[in-house]
Amino acid sequence: MATILKGPTTLVTSPVSHAFPHIQWDPLGSLRLTAQETALLRMAETNPIEYTLADSRDASMYARVLLKLLAEASTAGAGTGAVARISDNVTDDIAMKALDEDPLGVVTHYALSKLFEIIATLSSGVSGVTVGAVFYVGKDGVLVDQWKALLRILNKGGKGDPYTQKGAALCLAHILLASCPSLRSNTPTTDKDGQPIKARPISYASAVEPLEALTAWIVSQLKNATGMNVGLCIPALTALMGTCETRILFCSSGGVKYLSRQLRIGTKGAKGSSDSKKKIGQSSVQQLYELTFCLWTLSYELNSNYTIRSDFAKDGLTATALVDLVSIAPREKVVRVALSTLRNIAMCEADQSPPPAGLQGLDGKHFLSEMMACGLMKAIDHLKDRQFTDPDIIDDVNHLHKLLVENYKEMTRWEVYKNEVESGHLQWGSTHTEAFFKENARMMEGSDGDFRLVRVLIALLSSKDEDVSAIACYDIGEFVRHYPNGRQIAKRLGAKELVMPLIEHDNVELQRHALQCVSKIMVQNW
């Protein structure tokens with residue numbers, strides 16, 4: 001699938017939009033506007049936007065004036081004044097006060113609002129002029145140099161104005177998307193009146209470096225930002241999911257890992273809560289939905305790209321994040337897109353893009369094993385008992401259940417246990433019993449003899465999930481009992497030091513299993 005998104009993602013109204021009609025251009029000398037540029041801004045205010053954009057040259061000139069406003073205002077210090085501290089829509093009086101105190105801040109909001117209005121209008125096709133015709137110039141269709149004003153706003157980081165950073169990223173994303181060959185293949189060839197639209201050359205090469213810079217900024221936001229700050233990059237990220245070129249670029253920049261991590265952060269604390277919908281605020285639910293939507297979009301590249309499959313498989317993070325979402329089920333729309341993503345992952349194939357020689361193929365069976373280890377079967381069983389009105393959810397639940405059952409039949413009990421431990425999602429069951437360890441204790445050595453699973457169990461003693469810690473105590477104790485010299489191995493790997501404090505834990509069940517584990521380590525004949 002080449003493209004997914006049709007129109008530009010919405011940019012919310014500026015909190016100081018009431019002040020826009022009152023901007024006086026002549027006193028703002030720091031913007032260094034020429035008389036012609038000032039006249040163009042005033043003319044654009046008095047005419048419908050469709051009229052201003054009817055001619056590609058006039059539209060390009062208007063867009064470049066707006067980009068100049070952003071560049072000059074940023075150079076003069078815009079983005080750190082009073083306007084940057086306003087997050088909600090305000091009254092006319094407060095907006096006018098902001099204009100008096102921080103005129104360049106208001107100008108920046110104005111320019112971004114108008115720039116996005118241009119992009120939205122051009123994308124609708126009503127003017128007969130395209131985004132590419134306005135922002136890519138010359139006989140070769142090269143990206144205008146003024147795009148750098150938008151990147152400069154992003155590079156201000158935490159010192160910048162949240163609205164301008166979100167708006168600059170979104171506008172830049174849509175300007176750059178216009179150069180992608182896969183998107184241009186779907187560009188309308190006629191306007192609203194049926195008249196042919198003359199195709200102009202657009203240089204994708206001129207947009208590659210800016211795309212890399214924007215993608216790097218988005219990935220850095222996903223990596224470092226928390227809470228609502230992540231929301232600054234989500235509109236631009238959603239826009240970049242619209243073409244295969246930008247999806248692949250995002251994945252090659254390490255984006256899948258940090259996107260999945262943000263999903264896990266968003267569900268942390270809610271999993272296992274009886275009131276998870278209240279644990280996750282309404283704005284966070286929307287954020288979870290948008291992030292999951294991006295992951296769903298990326299899942300359509302799995303069949304054709306081994307590297308992306310590898311990114312999805314790394315540390316089992318993606319499967320874990322999606323299973324957590326399905327388990328807490330914050331809203332039906334989040335469940336729907338998470339299930340659809342899991343289904344795409346579970347059905348992916350390695351035939352179109354085989355792995356390099358000597359590496360694992362990474363197909364749907366691999367991901368199904370990860371999902372099984374993360375407890376998806378239990379979550380699916382709960383969902384089957386719920387009454388969903390969306391037929392897509394019902395179909396995905398039934399299909400995933402069938403795939404999980406078929407995959408489970410093909411796995412040995414040891415493979416089920418190994419996947420469960422490696423995922424960190426321990427749940428009581430037939431693999432956490434004396435009979436299982438009698439049969440499989442020697443398998444704990446691992447293929448390299450490094451007792452990696454024992455090391456993982458020891459690490460899980462410090463889990464914030466008390467059930468996981470209790471199961472880890474039990475499994476370590478059974479390993480000690482049934483593996484020759486298991487007692488010395490457990491001590492050498494540091495199990496005793498981590499188990500001892502758990503004997504005094506507030507959780508009675510964890511306390512009991514910790515005491516039994518220590519006893520098995522200390523007593524010769526248990």
Could you tell me the separation between the NZ atom of Lys333 and the CG atom of Asp390, rounded to the nearest 0.5 Å?
13.0 Å
State the CG-OG distance between Asn155 and Ser220, to the nearest 0.5 angstrom.
9.0 Å
Do [X] and [Y] touch side chain to side chain, with heavy atoms closer than 4.5 Å?
| X | Y | value |
| --- | --- | --- |
| Leu28 | Pro103 | yes |
| Glu72 | Ser30 | no |
| His109 | Thr164 | yes |
| Thr307 | Cys251 | no |

Check side chain to side chain contact (heavy atoms under 4.5 Å, CB included) between Ser206 and all other residues, then give those that pass, not counting sequence neighbours.
Tyr136, Val142, Leu143, Ser203
Under 3.5 Å, is there a donor-acceptor pair between the [X] and [Y] side chains?
| X | Y | result |
| --- | --- | --- |
| Thr238 | Glu290 | no |
| Arg64 | Ser60 | yes |
| Ser253 | Tyr258 | no |

If you take all heavy atoms of Val90 and Ala95, which pair is closest and at what distance?
CG2-N, 3.8 Å
Can you name the ring-ring contact (aromatic ring centres under 6.0 Å, His included) partners of Phe20, sequence neighbours left out?
Tyr110
Across all chains, not counting sequence neighbours, the side chain to side chain donor-acceptor pair (under 3.5 Å) partners of Asn303 are none
In terms of ring plane angle, is the pair Trp296 and Tyr300 parallel, tilted or perpendicular, where the classes change at 30° and 60°?
perpendicular
